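Report on the structure given below.
The structure displayed is predicted, hence computed values, not measured ones. Below, chains carry the letters A, B, ... as their sequence lines are ordered, and counting in each starts from 1.
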Number of protein chains: 2
Amino acid sequence: MSLNPENAANADLGRTWLSSAEVRPTKQRLALADLLVGDGRNRHVTAESLFAAASDTGAKVSLATVYNTLRAFCDAGLMNEVTVDGHRSYFDTRVDEHPHYYWEATGELTDAPKSAVAFAKEPEAPAGATVSRVDVVIRLAKNSRV
Amino acid sequence: MSLNPENAANADLGRTWLSSAEVRPTKQRLALADLLVGDGRNRHVTAESLFAAASDTGAKVSLATVYNTLRAFCDAGLMNEVTVDGHRSYFDTRVDEHPHYYWEATGELTDAPKSAVAFAKEPEAPAGATVSRVDVVIRLAKNSRV
DNA sequence: GTATATGCAAACCGTTTGCATGGCT
DNA sequence: AGCCATGCAAACGGTTTGCATATAC
């Protein structure tokens, strides 16, 4: 599988991602970037989950650096912080505005398809203010079998 | 103004509110309830802001009790916890599902009029799951004068 | 060479909890 | 009387920070 040309390209996705935002590609940041965007798909992580994933691959990154790095990626516009749970921060590699599913049973956060939410009209701001973002979180309960 | 019959009624709003959920009306809970629903309007508070408000009125309540009480009110269905800011919990006296404004400049949370958000169709859950709640937070930036 | 990132441990902050005291029914 | 709420202070968990070292440019 390492011969698959797609994988060869993917190996550079993380580096490209970092350079697109002029973020210094250090060893740790490359390792984390690879975990985040290495396969071209979107990720939703917490600092702890990313730290665990990095440790699993043998990467040598401290938890504090994971926190600092996620902040840096957000500041650089590479990721978005999503607030759904008062005691944990989620970070999303997808930076456009889109709805989320929050699986209450597991605490997992995933993208909702755009089709899941349709506004009849754009949400309105009160006078003297402008909408900076609209967060939509669809909280999901496991189907209880009736 | 203390002669205003509405105020006389209001003095009991807190007590009525508590008894409607079978929550024991202790001195502290009555003081907090009065601050929360005493004027019949909806409130959005944090533990700290409610503690400060209580202290301002001379009420003798500890911060821990404010936390415990807000939890108790939520458990009793009197309030809802709203998550908009990863490092603070907001509590809302309005328990039906409705959108919120989050004023990024001040960290204030207020109700949005129902008319501010209109769905073309109800948000959808993926197969095998059911929607437990849909949180809509309209984040507001102060209008910059151009 | 200089600015910046990393790692560790300690600080931090909002929140929760254990336990003794006091209050509600 | 008995159960439950209160208060204090200590514990807690996620996150940030200070400082010395290491690395990118």
Single-linkage hydrophobic cluster [X]~[Y], side-chain heavy atoms < 4.5 angstrom:
| X | Y | result |
| --- | --- | --- |
| B:Y67 | B:L70 | yes |
| B:F51 | B:Y90 | no |
| A:L63 | A:L30 | yes |
| A:V84 | A:V45 | no |
| A:V134 | A:V137 | no |

What's the [atom1]-[atom2] distance between [X] and [N], to the nearest Å?
| X | N | atom1 | atom2 | result |
| --- | --- | --- | --- | --- |
| A:F51 | D:dG13 | CZ | P | 17 Å |
| B:H87 | C:dT16 | NE2 | P | 15 Å |
| B:E48 | C:dC13 | CD | P | 11 Å |
| A:L18 | D:dC25 | CG | P | 11 Å |
| A:L32 | C:dA5 | CG | C1' | 12 Å |
| B:L30 | D:dC4 | CG | P | 19 Å |
| A:D85 | D:dG14 | CG | P | 10 Å |

Strictly by modelled atom types, are [X] and [Y] linked by a side-chain donor-acceptor pair under 3.5 Å?
| X | Y | answer |
| --- | --- | --- |
| B:T65 | B:S62 | yes |
| B:Q28 | B:T69 | no |
| B:H100 | B:D135 | no |

- 5'-most contact on DNA chain D: A:Y90 or B:R29, nearest heavy atom basis? B:R29
- Message: Listing request: all side-chain hydrogen bond (donor to acceptor under 3.5 Å, both in side chains) pairs with a residue in residues 75-86 of chain B, at least two apart in sequence or in separate chains.
- Response: B:R71-B:E81, B:E81-B:S89, B:D85-B:H87, B:D85-B:Y102
- Item | Dot-bracket encoding of pairs in DNA chain D, which uses [ ] for pseudoknotted crossings and | for another strand, Watson-Crick or G-U under 3.5 angstrom | ||||||||||.|||.||||||||||
- Base versus backbone protein contacts along nucleotides 19-25 of chain C [heavy-atom cut-off under 4.0 Å; B, S, -]: ----BBS
- Query: Where along residues 53-66 of chain A does a heavy atom come under 4.0 Å from DNA chain D, residue by residue in number order?
  - Reply: A:A64
- Item | Strand contacts (DNA chain D) in residues 67-82 of chain A, 4.0 angstrom heavy-atom criterion | A:Y67, A:N68, A:R71
- Message: Counting only heavy atoms not in A:E22 (residues, nucleotides, ligands), do more than 12 fall under 6.0 Å from its CD?
- Response: no
- Looking only at heavy atoms, what is the nearest atom pair of A:L13 and A:G40, with distance? CD1-N, 3.7 Å
- Task: Can you label the angle between the B:F119 ring and the A:F119 ring as parallel, tilted or perpendicular, going by 30° and 60°?
- Result: parallel
- Query: With respect to the phosphate group of D:dT23, does any side-chain polar atom (N or O) of A:Q28 fall under 4.0 Å of OP1 or OP2?
  - Reply: no
- Message: When you measure from the side-chain N and O atoms of B:T46 to the phosphate of C:dG14, is any distance below 4.0 Å, counting only OP1 and OP2?
- Response: no
- B:K121: what forms a salt bridge (charged side-chain N to carboxylate O under 4.0 Å, His left out) with it, not counting sequence neighbours? B:E124
- Message: Once rounded to the nearest 0.5 Å, what's the spacing between atom CG of B:D92 and atom CG of B:L109?
- Response: 7.0 Å
